[in-house]
Amino acid sequence: MKTLTKELPATSRKQKLKKLLFSPKLAPYTFVLPFILAFVIFFVYPIISTITMSFQNINIATSEYVGLENYSKLDNPKFYAALSNSARFTFWTIVILIPFPLITAVFLNSKLTYLKNLFKSALFLPALTSVVVGGIIFRIIFSDMEEGFLNSLIMSIGIPAQEWKMQSNTAMLLMVLLASWRWMGVNILYFLAGLQSIPKEIYESAEIDGANAFQKFIKITLPFLKPVSIYVLTVTIYSGFSMFTESYVFWRNGSPNDIGLTIVGYLFDEGFSYGNLGMGSAIGMTLLAIVLIVNLIQLKFFGLFRKED
Amino acid sequence: MKNKNRISSLFIFTYFIIVCGIALFPFFAIIMAGFKPTADLMRYGVDLSIKLDQFTLDNFKTLFSTRTGEVYFHWYKNSLIISFFYTCFSLLFSSLVGYGFGVYDFKGKNSLFVLVLIVMMLPVEILILPLYKMIISVGLIDTFTGVIAPFAVAPIAIFFFRQFAAGLPRELMDAGRIDGCSEYGLYFRIMMPLMLPAFGAMAILQGMRSWNDLLWPLIVLRTDLNFTLPIGLTALISPYEDNLDVLISGSIMTIVPMILLFLFFQRYFVAGLTAGGIKG
């Protein structure tokens, strides 16, 4: 009996703790705890650390504060090549990866389309391939040899064979094509998901009012797709400026005249190939600034994510 | 009207035949290349005509019998392990977090969710240098844990799970509570099974992402035998293309698990994206 009364306060404290932990009040925080932890450890801390590093000159054992030196060193042709390549790449992927998937998704959603599932799967198949495998396939198709597939094709219609990976414009073409080929299916699915959440009644009442297909597309489909489009645009901008693999798979050890160099490629070179973490961080901060500014402008322009449904 | 529909239908059908032709052509190209003698590829580039008398399994035989091939299967195993654990962890963590955001109202919820959106919209590439330093200092360089841990809580998956969970009937939670179920029991016993379509869709997305990821594994993994497939395959690309046999047959084999994954979860895919969808 004595021991029991002694134990009682302890168990009740334990139970209280358990009750608190299991209470609907605290439970939500335990659910989101993984994010909070990951956010602090793998996001906030690294960001602070990269900001600090960008003002430092870092060697194997030592680091010294050098102010804005790393940033001023960015004023060089290589960095501008990287900037312009990433910007051009982003521009072209936006031009290709928004309108085409949108139209294709509208067709896929139409009741006039046969074999929908087959087409949907076929278009999604490239997304399952890695950029690396895609790049290897593209290297085969766009072989520099005169006997290579595309070269022999264009030569047969009188265009001279091209050294695809060696010229600035064709290099950009290769990267944009590879990215577009892989991402098309993903964006189609995003748009398709958006289309399927549009209530059918709206179309029906528009039909009763005598709207034609084009009017329905402009007046109903496009406005309803706005949130998806903003999302897709944001992701395209983000992945455009942070593109690395498409370039790496074509020119692992550097492209001629940096025609394939991207911002992340430059960051990778400085940070890992030359061990220059300070400079790499400065490049990273510049990338961050670019993506932030571009995305803020586009979000301001097209409207923000709604916080609630 | 009927005629008009038939013409539109035919137009759309032609459109899809062309677009799918373009999307599938690279697969056709690599499969053709895979069953041709590599000596021909080196000499003539890829000729895509079908010549049955040239058909050969040599490339695949090389893959299964040589030293390079042996290393290749190490990479294959590594990729499978990393992708499996990455996908499981990211689904578990992201679904918990997304569920928390989706079904509960709590103090600080909106500001926390804005943080998720911010992480989602910022390039992770800017974090690779500090993360690299961190991974070195905790001794996780060249380990699979080092590859998986930093990105195991995936904001994009949180976002989808949250959208999906927000659409779940909350009456079920109340019913469960009356029956004496704890909040965590509610998640594991009642709500998680209802979120299966979201799990299916995210399994495809996250599986794809980890299987195909190059940059972060390239930084963390140092020794040949620890490489994943994307790192290994790019290492095989040489200016002289002298690994073409392994490179091509290896690339074909690399696509297979993703296709299986897709076929397995396919029926959940668009459904999961739609219901969870990007409502706004």
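Quick note on labels: first sequence line is chain A, next is B, and so on, each numbered from 1.
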Which of [options] touches chain A most, by non-hydrogen pairs under 4.5 Å:
options                                : result
B:Leu10, B:Val116, B:Ile259            : B:Val116
B:Leu261, B:Ile204, B:Ile12            : B:Ile12
B:Ile255, B:Leu214, B:Ile158, B:Val124 : B:Leu214
B:Pro257, B:Ala154, B:Pro155, B:Ala149 : B:Ala149
B:Leu131, B:Leu92, B:Thr254            : B:Leu131

For a side-chain contact (heavy atoms from CB on, under 4.5 Å) with B:Phe16, tell me which candidate from A:Leu115, A:Thr104, A:Leu118 qualifies.
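Exactly one option meets the side-chain contact (heavy atoms from CB on, under 4.5 Å) with B:Phe16, and it is A:Thr104.
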Under 4.5 Å from any heavy atom of chain B, what part of [X] do you find: side chain, backbone, both or neither?
X        : result
A:Phe241 : neither
A:Leu292 : side chain
A:Ala213 : neither

Looking only at the aromatic ring of each residue, does the gap between the centers of [Y] and [X] stay below 6.0 angstrom?
X        : Y        : value
A:Trp181 : B:Phe27  : yes
B:Phe151 : A:Phe43  : no
B:Tyr132 : A:Phe272 : yes

With a 4.5 Å limit on heavy-atom distance, are the side chains of [X] and [Y] in contact?
X        : Y        : result
B:Thr234 : A:Tyr248 : yes
B:Leu233 : A:Val133 : yes
B:Ile126 : A:Met285 : no
A:Pro28  : B:Lys109 : no
A:Phe268 : B:Glu125 : no
B:Phe106 : A:Val32  : yes

Check against side chain to side chain contact (heavy atoms under 4.5 Å, CB included), A:Thr113 and B:Ser9
CA-CA 6 Å; A:Thr113 310; B:Ser9 216; over 6 Å; no
What is the minimum heavy-atom distance between [X] and [Y], and which atoms define it?
X        : Y        : answer
A:Tyr238 : B:Met120 : CE1-O, 3.9 Å
B:Ala23  : A:Ala122 : CB-O, 4.2 Å
B:Asn212 : A:Ser130 : OD1-CB, 3.0 Å
B:Cys20  : A:Phe119 : SG-CD2, 3.4 Å
B:Leu129 : A:Ser281 : CD1-N, 3.4 Å
A:Leu128 : B:Met258 : O-CG, 3.3 Å

Please verify the inter-ring angle class for A:Phe107 with B:Tyr15; under 30° counts as parallel, over 60° as perpendicular, anything in between as tilted.
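The rings of A:Phe107 and B:Tyr15 stand perpendicular, inter-plane angle above 60°.
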Proximal component of [X], with respect to chain A [non-hydrogen, under 4.5 Å]:
X        : result
B:Tyr99  : side chain
B:Leu218 : side chain
B:Phe89  : neither
B:Leu112 : both
B:Ile231 : neither
B:Val103 : neither

I need the [X] [atom1] to [Y] [atom2] distance, nearest 0.5 Å.
X        : Y        : atom1 : atom2 : value
A:Thr30  : B:Glu183 : OG1   : CD    : 9.0 Å
B:Leu115 : A:Ile36  : CG    : CD1   : 9.0 Å
A:Phe35  : B:Phe93  : CZ    : CZ    : 14.0 Å
A:Phe39  : B:Ile118 : CZ    : CD1   : 7.0 Å

Report yes or no: does A:Tyr29 contribute a side-chain atom to a donor-acceptor pair with the main-chain N or O of B:Lys107 at less than 3.5 Å?
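Checked: pair present.
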Side chain to side chain contact (heavy atoms under 4.5 Å, CB included) for A:Ile141 and B:Phe25? Distances and angles first, verdict last.
CA-CA 10 Å; A:Ile141 297 174; B:Phe25 176 75; 3.8 Å; yes
